[in-house]
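The next block holds one structure in the form of structure tokens; read it before the comments.
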Protein chains: 2
Amino acid sequence: MAQQPKPRRSQAERSAETRQRLLDAAVTLMHERGLAGTSTNDIAETAGVSRGALTHHFESREELIAAAIEDMLDKVIGELKSYATRVAEGESSSDALIEFLYGVMSDRLFYVTLEYLPEARHNAMFRSRLVPVVSRWHAALDEIWGELTARYGMKPEAGRDLLNATMCLIRGMIAQTILRDDPPYYRRLLDFWKASIRAQLAAARPERGGPRIVTIPLRGQ
Amino acid sequence: MAQQPKPRRSQAERSAETRQRLLDAAVTLMHERGLAGTSTNDIAETAGVSRGALTHHFESREELIAAAIEDMLDKVIGELKSYATRVAEGESSSDALIEFLYGVMSDRLFYVTLEYLPEARHNAMFRSRLVPVVSRWHAALDEIWGELTARYGMKPEAGRDLLNATMCLIRGMIAQTILRDDPPYYRRLLDFWKASIRAQLAAARPERGGPRIVTIPLRGQ
DNA sequence: CAAAACAAACCGTCAAGCCTGTTTGTAAAT
DNA sequence: ATTTACAAACAGGCTTGACGGTTTGTTTTG
């Protein structure tokens, strides 16, 4: 009942906002109802625009979904790059970084990923559409992890192994949460992993040239 | 053009075979075309039976899919139990066991799992329908892994952490293969992990009661 | 600066296709 | 003969992409 919110936005503004509302709605619905449970109708409704507007902005449902995923990933890449500076300045331990990555992935990112992975697997067009963003995402991960391992004088190549293992572990954990609801299980696993990484990083410190010896922290008691 | 294959099978035989053909077709199609790309029509056609036969055996598409998943899992559980005896008799190293698990998961199991995880996440009925089989699957994993860790005198609790990490890593790796086609990446990661597990098991050998020290194998050169 | 011409954004309906579950009918086993 | 297994036709619902029409903003012209 206030004044009508029509401060004469420019075409570009109107267009950008509508487009963004559609992208956000698509990601939200993919997360909440799944890709299969998300029709273009649902997306338009959630975005608060007509289905006509949706078709005006996106050639097909597939293109909208892909654009929404790209948008989501680009935002997360932004968060990552911002966190990376903190890591570079030594303000983040490996423990904190791992928690950060798990947080980012389990917030929405990997659940949404699980929604579209099947489509990506069976639809080559869709998959190629996503490859560039995914590469940017991987590059951002390499970058932030490189900041960490560099501090420990670890060779980039060896560091990347730790990153890949860490990310795959996190992916697997999140997939597992769907059929196994057991928070302590995941807490414990993540703590175990943080300790492993800590040990590996410590072992990389180039102090003596001899064989690398490291104490493995006790787990689970 | 041979003789007609109608040696007067019993009802139970006819029924069981048709049912099995449907289950097999469902799993095959889930793997090849994805869950979303698999209609009951497709399943009946692939199974070589009519859609009427399908509806006769399964109340709904959802029930058929669930039954197919259960069947697939039960078969894999069988393979696992059979391999477990080999482990118990010391005929399998940790390296071999990890390769075996990766092989089982990446053959079809986890790709099919990725197909139905979204449905399981959003459909509570479907999820509860699967929980019992999934529990049996986890129990079989615990059993086979227990055979291994017991040989090293590792406490079951600590051993389970290694199993969970191993399985989650494998899950994450397989999910990753969809958007990143890079066999050396996965080969390297798995080798890295086998070495880690080897070291952890060796460290668990109860020789001295002192702090556990273990050499970390060099990676990547 | 004002009006006209144009372009872009947006809306709502329609038709075609597909898919699932139901119902009705036939063959095979007990 | 009766029950079970299977087959085929049917009906209803949902979804997507297409299209004609309307509103809003931008550019050109007098």
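Chain naming here is simple, since letters A, B, ... match the order of the sequence lines and numbering starts at 1 in each.
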Item to check | Nucleotide D:dA18, atom C1' - distance to CD of A:E59 in whole Å | outcome: 13 Å
Item to check | Residues in ring-ring contact (aromatic ring centres under 6.0 Å, His included) contact with A:W193, at least two apart in sequence or another chain | outcome: B:W193
Item to check | Set of side-chain hydrogen bond (donor to acceptor under 3.5 Å, both in side chains) partners for A:T177, sequence neighbours left out | outcome: A:Y111
Checklist entry - Reckon A:R61 has a side-chain N or O less than 4.0 Å from the OP1 or OP2 of D:dT16? => result yes
Checklist entry - For A:F58 and C:dA8, what is the distance between atoms CZ and P respectively, to the nearest whole Å? => result 17 Å
Checklist entry - Does A:F100 have any ring-ring contact (aromatic ring centres under 6.0 Å, His included) partners at least two apart in sequence or in another chain, and if so, which? => result A:Y83
Item to check | For atom CD of B:E17 and atom C1' of D:dC6, their distance in whole Å | outcome: 13 Å
Item to check | Contact residues, residues 35-54 of chain A to DNA chain C [heavy atom, < 4.0 Å] | outcome: A:V49, A:S50, A:G52, A:A53
Checklist entry - Just to confirm, is there a sub-4.0 Å distance from OP1 or OP2 of D:dA18 to any side-chain nitrogen or oxygen of A:T55? => result no
Next on the checklist: Please enumerate all residues that pass salt bridge (charged side-chain N to carboxylate O under 4.0 Å, His left out) together with A:R127, with sequence neighbours excluded.
Outcome noted: none
Checklist entry - Where each residue is assigned the nucleotide of DNA chain D containing its nearest heavy atom, which of B:H57 and A:E62 is assigned the position nearer the 5′ end? => result B:H57
Item to check | Gap between atoms NE2 and P, on B:H56 and C:dT24 respectively (whole Å) | outcome: 18 Å
Item to check | Whole-Å gap separating P (C:dT20) and CD (B:E63) | outcome: 15 Å
Checklist entry - Do A:R129 and A:E63 sit within salt-bridge range, that is, some charged N less than 4.0 Å from a carboxylate O? => result yes
Checklist outcome for this item: B:L22 atom CG is separated from D:dA7 atom C1', nearest whole Å, by 13 Å
Checklist entry - Who are the side-chain hydrogen bond (donor to acceptor under 3.5 Å, both in side chains) partners of B:H57, not counting sequence neighbours? => result none
